[in-house]
Structure formats: C-alpha cells, structure tokens
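A quick write-up on the structure given underneath.
Keep in mind that the numbers below use all heavy atoms, side chains included, and drop hydrogens, waters and symmetry copies. Letters A, B, ... mirror the listed sequences (proteins, then strands); counts begin at 1. Note that the structure is a prediction, hence the values are computed from the model and not measured.
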Amino acid sequence: MDSIGSKTSVNFIQEIIDNDKKANKYNGRVHLRFPPEPNGYLHIGHAKSICLNFGLAAKNGGLCNLRFDDTNPSKEDMEYIDSIINDVRWLGFNWGDRLFYASDYFEKMYEYAISLIKLGKAYVCDLSPEEIKEYRGSFKEPGKESPYRNRSVEENLDLFRRMQNGEFPDGSRVLRAKIDMSSPNLNMRDPVLYRILRATHPRTGDKWCIYPMYDYAHPLEDYFEGITHSICTLEFEDHRPLYEWVLNTLNLPDPPQQIEFARLNLTNTVMSKRKLRKLVEEGYVSGWDDPRLPTISGLRRRGYTPEAIRNFCDRIGVSKSNSVVDIRFLEHCIREDLNLRAPRVMGVLHPLKLVIVNYPEDIVEEMESENNPEDSAAGTRKIPFSRILYIEQDDFCESPPKKYFRLAPGNEVRLKNAYIIKCEGFIKDEKTGEIKEVHCTYDPESKSGKPGAKRKVKGTLHWVSAAHALEAEVRLYDYLLLDQNEVAEEQGEGKDFINQLNPNSLEVLTNCLVEPSLAGAAPGSRYQFMRKGYFCVDPDSTSDKLIFNRIVSLRDTWDKIRKANKNQKF
RNA sequence: UGGGGCGUAGCCAAGCGGUAAGGCACGGGAAUUUGGAUCCCGCAUUCGAAGGUUCGAAUCCUUCCGCCCCAGCCA
C-alpha cells in the first residue's frame, strides 16, 4: 500500500500549516524557501530539506524560493552556488523566477539596522572578540553589560555609518542588539548583528566591509520574501526567540514563523560539511562527486535517480527526534525504482572460461532475451551464443557446499536464455588451485523457448560469449564507513572518523566482460547486470573503454546463507 | 551547571483518552529461466521508569532517568 508515490502520514509541520490555513493566517498563503549557504556541496541531508520545503509548498498550493544565504564572504564561493543550483534542479525542483540571495538585501538590512539603532535597540560595541566572549558569561553565570551599551543614538548612528564606510579595521567593532545580558538563552545576551569583514563577496565584490550575521539576516530575508513558514534544523531552536525579536522589534507585519525539524543522519557514512571536506581535501576520495559520498553529485555519479532520492526523503518522515536512518533503506529505494525500469543485461565480473564441448565450433546463435521482465514494453534483444563462453567464477565450485545450486562436477544448470548444460570436467592449476576452465555438454533440446527447456534445473547462470563480449572496467562500491561494532573489533574505538573508514569501499575490476549490446552505452545510463546488481555508466567511460559503477547489488539470499554457514562453524 | 529539545520494535515512524498503522531490516513459506522482482505468513500484551487521575492512559498530571543542542565577530 505504502509504496512509491502513495500517502505518507501527515507530519507535524503540515499540521501547523493546516492550522494556519484554517485560521486564515497569512491570508491562507504558504510560502517556503530552501536557504543554503554556498560554502559546500549539497548532500542527501540537504535533499531531505529540499524535498520537505518544495514538497510542502506543492502540496499546499504554495511557493518555494531558492535563496542563497551568502552573508559570510570569507567562506563562500561561486563554485558552490553553481553546484547547488545544478543539484536542486537535478533533484527535480523548480523555483520559477524566485532565485534570491541574501546579498540582494544588504541595503535594506542596513536600513533596518539603522532603525534598530534609532529605536534604541542596537548599539555599536568596541569590545574585542575575546572581551565579548568574556562578557557573555556562561551557562551558570549571567553576562555583564558592555561599557558601550548605553551610547547615545547619535553616537551609534555615527559609528555604524563609519563602520560601513570602512573607517575601522576588521574585528574592531560590531553592531549588537540590546536585549538582555542575563537571559538564560545565551543567544539573547546582546548578540552581534553586524561585523566588519574585508573579504571579497562572490556577488557584491568589495562594495561592503560589514556583513550581517545569520540571526539578524535570516528573519529579514524571510520577511522580505513573504515567507510564511521558515523551516530549519533543530540546532536553531535556541535562536527562535532572536528570530522573533528582530521581526517584532522592527514591528514587521505578518512575521514568518520558524519551525525546526531533525536533520537527516545516515548509517555508514558522514554528513557534516567538515568531514566531507576532509575526505575530499585529504584525498580519501576522488572528489565531491566520488560515488561513495552521500553528496548529491556523488549519488548522481553513482547512478542514484532523483526519483529514488525524493521517494526516500518522503518516506523517512519528519520529526524532532534525533535519528539515524539505516542506509539500507536508501538502497531499498533505488532498487525499487531501478527494478521497474533498468534494462537487464549480462555482464561477468570475474570471468571463468567455459567450453561447451559438444557445441559446434563455427556456429553463433542469436539468443532472444527480454529487456525487462517487469516491463514487457521494453522489448527483447538478441545475444550471441557460441561454443566458448565466460561465466562467473563464483558460479562453479569443485566441491560445492550444501544448497549450492550452481555449476559443479556432474551438475546441470541453465544458461539464461540459452541451453541447459552439464559439467563434465574442469582444468585446474594444481600449483595454485586456480580453476582455469570448465567443460560442459549442452542439451540441444533445451534451448530457451523450446519445449525441451521446460525441465527443472536448480540454477540459472548469466554468461557472455567469448568471441563477442566487450571488455569493461567495473567499480564496486561499498559503505564509506564500517559499522560501529566492526570498528570496535578491528581497531579499538577511534574517536576520529578516519579510522572508521571502510578499507574496501572501492574495488576496481578491470577484466570484466559484458554483452555486446552495451557497446556505446552512454554515460549515466543504468542497467541491471542480471544476478549481480544495478550499474551506471561512469562519465569516465569512453567508446573504447566501458566503465561501470555499481549503484547497488541485488538482494542476495545465497550470500546470506553462505555467511550464515560460515558463522555457524563457531 | 542555566536554557532549549527529544525518548513508541534492531532502524525510521504513525498515534492527539477507547485498548499499538506503515516502511526498512530480520525469520519462515509459495512461486520462479535473475538465489532478483513478486506473493503469503511471522516479528512491541506494551510505548524511557515509577507513581497518580480515569470505567479506560503511549496519549492527562507528578517525580525521576537517559540522550541531543547552545557560551563564533559561522550558518
């Protein structure tokens, strides 16, 4: 019932919106915004927020703006602006002509700051950063009032203008709100509103040398854009009184309301900008779009679809409790999506030569194969079959364990869309134990589609024809981080997430063989390699050298049985 | 330590005084030319704990316990 696109239960934010609409608050308008700071790449945690904001707007006949919160030029960059725009669009959202920047409002914000000064609600403070910290007090002790707190309006006006004029060095003065130095909420102890900062802004260049702080800028940005519900994450809960203070003190009508929800955490990966940056900058991964990262660009390169990501975000729910979503749920979402639409192909990751000894040497048959059993409209294709094939090394076992349905001496197995074969022998390198090739006979009556194919055989294998297969590189990805318990076992609890990194998060296979229909497969196209998983053609792929990224493996019950058996020994 | 939040299954999460939805994971089975997909079945006598109110409490009250966030001129 609750599959793709079906209803999810109403979350607490929707409830607030429902009540506001009922009460005709904001004249029934619903206007949201996604307000990233352009200081990093978007990740799936942002996707949760994007889906929430744009989704809520759509559901309620409202609008959602894209707005860059670019109030700190020392950390922000045009590169990030471009990537964020690209990612939000790729996820499938549309902000119409409502692309905004906090920096668009610097002039207005400055004017409102002057109003605050005139109201006696803001003052220029000459304390150093260290002194301000000292004066702020602590959790148990109230703060002390700044000696500059009671300057006259005229003096404040004059000093603030001169701050803006560039007459003072960076860090020498700030504009502060005059609220309450003994508030139990530290955010209300005369917070800084403006700081002097000489840094070239990505959009306004060197026009300004003072920049508003988030707590002052954000409520105003929301107000300027007619935002009704300003959704942010839990850590801003303590800032809400300040958000409201700015709007109320300035006496702005229909003030937006801030609502907080829990950010997304995922198992087996990292989500903080700091950690992602460390991985990228210190070369633990290949870049922001490394397919192992939970960045939008990484997921895109890995082969995740926007639909799967959106579906995931819609299904994890929205609440206020700190939670960690199992990454396997994300994997479920991409499997569910790709199962329905990824064409099936055959690709052998670890090739093992298989000779059909009773099959003519000079014949090539074209085997008819369904492109997608979940979608008959996907049609069929022909796959060449011949005497010499390659199968998966795993699919042959000299002395098979219990419940092994694959090829073993004397065993019969079906080759997908071809014939039933029987293992008659194999060649083994006695020194290394390596199986060099497997010899089989085929049953000519068992060709797929023919009555003789109806026989029951336990296993079905995928294969490629040696003479026709294409060489390919396949990149197998695994979780970026080990499970918490594995880490404890293997290296004794490290505090640094670096020693939690999975050493096997990337395995590159260079000798894979895929069916010839894959020639010229376009970067970004996705396939199911039957019995193996879903794969996506990497942008590095060329017509000479195919490169596939494994998006996610198929569910593998044999693998589970195998592991269970292994663990049983003890 | 003062303030702000949050505790429902291994993980998310509904529930809003009338007797614990759903999904993931997990276990079992059916069917199967992907050990995939699909389909069945199972999976909280109990909601952080203890008291109280009530005919009736995950929902209301009290106390306690645990976890997260806050002392940037970051957002």
Side-chain angles (χ1 to χ4, degrees), chain A residues 1-3 6-11 15 35-37 39 69 71-72 74-76 125 127-129 132-134 136-143 170-176 183-189 191-197 211 213-215 217-218 232-241 260 262 267 273 315-333 335-336 339-340 344 346 370 373-374 403-406 414-418 420 448-449 453-454 456-462 528-533 553-561:
Chain A
M1 181 80 213
D2 217 50
S3 65
S6 75
K7 53 167 188 262
T8 40
S9 28
V10 168
N11 65 54
E15 264 173 37
E37 184 191 12
N39 70 344
D69 220 345
T71 57
N72 184 358
S74 69
K75 291 191 175 169
E76 297 153 7
C125 180
L127 255 25
S128 70
I132 287 185
K133 184 182 164 81
E134 227 180 277
R136 188 154 34 226
S138 69
F139 291 147
K140 44 177 113 174
E141 284 159 36
D170 286 11
S172 60
R173 279 176 232 257
V174 291
L175 183 72
R176 288 229 253 170
S183 171
N185 180 345
L186 303 203
N187 294 122
M188 300 299 271
R189 320 243 263 225
V192 172
L193 266 21
Y194 268 90
R195 75 282 214 182
I196 303 172
L197 177 62
Y211 291 94
M213 300 289 290
Y214 168 88
D215 285 317
H218 208 87
C232 64
T233 43
L234 252 28
E235 67 271 28
F236 291 102
E237 231 156 0
D238 286 341
H239 297 239
R240 192 170 58 225
E260 310 85 10
T267 61
K273 278 181 182 170
R315 294 214 268 165
I316 49 177
V318 180
S319 74
K320 298 190 67 155
S321 50
N322 288 313
S323 57
V324 184
V325 175
D326 194 328
I327 197 162
R328 286 178 298 180
F329 185 53
L330 213 211
E331 295 182 335
H332 165 79
C333 291
R335 284 194 188 105
E336 185 177 64
N339 174 48
L340 263 21
R344 271 57 170 175
M346 292 198 283
E370 272 183 308
E374 304 292 326
K403 296 220 232 156
Y404 185 82
F405 299 160
R406 284 111 99 139
R414 187 191 303 276
L415 292 178
K416 177 78 181 170
N417 292 125
I420 294 173
S448 288
K454 293 271 195 280
K456 296 271 179 239
V457 268
K458 274 187 287 185
T460 299
L461 310 187
H462 61 283
Q528 185 197 92
F529 285 12
M530 278 189 285
R531 305 208 303 139
K532 285 283 138 189
S553 65
L554 253 25
R555 281 186 63 222
D556 189 346
T557 51
W558 169 241
D559 193 53
K560 265 175 216 162
I561 295 169

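- Using a 4.0 Å heavy-atom cutoff across all strands shown, Lys456(A) reaches sugar-phosphate atoms only and no base atom.
- Separating the CZ atom of Phe405(A) from the P atom of G36(B) is a distance of 10 Å, rounded to the nearest angstrom.
- Salt-bridge annotation for Glu260(A) and Arg240(A): present, with a side-chain N of the basic residue lying under 4.0 Å from a carboxylate O of the acidic one.
- Shortest non-hydrogen contact noted between Arg189(A) and Glu141(A) is NH2-O, 2.8 Å.
- When the P atom is compared between A25(B) and G66(B), the two are found 35 Å apart, to the nearest whole Å.
- One can place CG of Asn72(A) at 6 Å from P of C74(B), the figure rounded to the nearest angstrom.
- When the nucleotides G3(B), G36(B), A75(B) are ranked by their closest atom to the side chain of Asn185(A), G3(B) comes out on top.
- Base engagement by Ile132(A) is indicated by at least one non-hydrogen atom pair under 4.0 Å involving a base atom.
- Using a 4.0 Å heavy-atom distance criterion, Ala453(A) is classed as a base contact.
- In this structure, Ile316(A) reaches the sugar-phosphate backbone alone: every heavy-atom distance under 4.0 Å involves primed, P, OP1 or OP2 atoms, never a base.
- When distances are taken from the side chain of Arg328(A) to each of C24(B), U33(B), A75(B), the shortest belongs to C24(B).
- The gap from the P atom of G10(B) to that of U45(B) amounts to 10 Å, rounded to the nearest Å.
- As rounded to the nearest Å, U32(B) and U19(B) have C1' atoms that lie 43 Å from one another.
- Computed from coordinates, the Asp215(A) CG to C74(B) P distance equals 11 Å when rounded to whole Å.
- The shortest distance between side-chain heavy atoms of Ser553(A) and Lys532(A) does not fall below 4.5 Å.
- Nearer the 5' end of RNA chain B, as judged by each residue's closest nucleotide, is the contact made by Asp556(A), out of Asp556(A) and Lys133(A).
- As rounded to whole Å, 10 Å separates atom P of G27(B) from atom CD1 of Ile561(A).
- Side-chain proximity of Ser321(A) to the nucleotides C74(B), G3(B), A13(B) is greatest for A13(B).
- Neither side chain, Ser321(A) nor Ser323(A), offers a donor N or O lying under 3.5 Å from an acceptor on the other.
- If you check every strand for non-hydrogen atoms under 4.0 Å, Arg406(A) touches a base.
- Relative to the side chain of Phe236(A), the nucleotides U1(B), A75(B), G3(B) differ in distance, and A75(B) lies closest.
- Atom pair Ile196(A):CD1 and C73(B):C1' shows a separation of 9 Å (rounding to whole Å applied).
- Between Phe139(A) and G3(B), no base-stacking contact is recorded for ring centres under 5.5 Å apart and planes less than 30° from parallel.
- Across all strands shown, Glu370(A) has no heavy atoms under 4.0 Å from either base or sugar-phosphate atoms.
- If you check G35(B), G23(B), C16(B) against the side chain of Thr557(A), the one that comes closest is G35(B).
- Across all strands, Lys560(A) comes closer than 4.0 Å only to sugar-phosphate atoms, never to a base (heavy-atom distances).
- Counting any heavy atom pair closer than 4.0 Å across all strands shown, Glu141(A) reaches no nucleic acid atom.
- Nearest to the side-chain atoms of Leu234(A) among the listed nucleotides G5(B), C73(B), A71(B) stands G5(B).
- Salt bridge annotation for Arg555(A)-Glu331(A): absent, with no cationic side-chain nitrogen under 4.0 angstrom from a carboxylate oxygen.
- For C74(B), one of the phosphate oxygens OP1 or OP2 lies less than 4.0 angstrom from a side-chain nitrogen or oxygen of Arg195(A).
- Within 4.0 Å (heavy atoms only), Val324(A) reaches sugar-phosphate atoms of the nucleic acid but no base atom.
- G7(B) takes the anti form, because its glycosidic angle lies more than 90° either side of 0.
- Relative ring orientation between Phe329(A) and His332(A) is described as parallel, the plane-to-plane angle staying below 30° on a 0-90° scale split at 30° and 60°.
- Looking at heavy-atom distances under 4.0 Å, Asp238(A) makes contact with a base.
- A salt bridge is defined here as a Lys NZ or Arg NE, NH1 or NH2 lying under 4.0 Å from an Asp or Glu carboxylate O, and Lys320(A) with Glu237(A) meets this definition.
- For Lys416(A), the side-chain atoms get nearest to U34(B) when compared with the rest of C73(B), A13(B), U34(B).
- Judged by distance alone, with hydrogens and angles left aside, Ser448(A) brings a side-chain donor or acceptor within reach of the base of U33(B), the pair sitting under 3.5 Å.
- Rounded to whole Å, the distance from CD on Glu331(A) to P on C26(B) is 11 Å.
- Between A44(B) and G23(B), the distance separating the two P atoms is 14 Å to the nearest Å.
- Contact annotation for Pro35(A): no contact, since no heavy-atom pair falls under 4.0 Å across all strands.
- A75(B) and U38(B) have their P atoms separated by 47 Å, given to the nearest Å.
- Residue contacts shown for Leu175(A) are absent, as no nucleic acid heavy atom lies under 4.0 Å away.
- C16(B) and C11(B) are spaced 25 Å apart, taking the C1' atom of each and rounding to whole Å.
- When the C1' atom is compared between A14(B) and U46(B), the two are found 16 Å apart, to the nearest whole Å.
- In this structure, Glu374(A) reaches the bases: a heavy-atom distance under 4.0 Å links it to at least one base atom across the strands shown.
- Counting heavy atoms from C-beta on, the side chains of Trp558(A) and Arg406(A) come closer than 4.5 Å.
- G15(B) and A21(B): their P atoms are spaced 13 Å apart (whole Å).
- Both Arg344(A) and Ala262(A) lie close to RNA chain B; mapped to their nearest nucleotides by heavy-atom distance, the more 5′-ward contact belongs to Ala262(A).
- Counting any heavy atom pair closer than 4.0 Å across all strands shown, Met346(A) reaches no nucleic acid atom.
- Residue Arg315(A) has its side chain nearest to G23(B) when only A71(B), G23(B), A75(B) are considered.
- Contact of the Arg531(A) side chain with the Leu461(A) side chain is registered, since non-hydrogen atoms from C-beta on lie closer than 4.5 Å.
- Look at Trp558(A) and the base of G35(B); the rings stack, centres closer than 5.5 Å and planes less than 30° apart.
- Nearest to the side-chain atoms of Leu554(A) among the listed nucleotides G23(B), C12(B), U34(B) stands U34(B).
- Not a single donor-acceptor contact under 3.5 angstrom links the side-chain atoms of Arg531(A) to the base of G35(B).
- Closest contact between the side chain of Arg240(A) and the listed nucleotides A75(B), G5(B), G36(B) involves G5(B).
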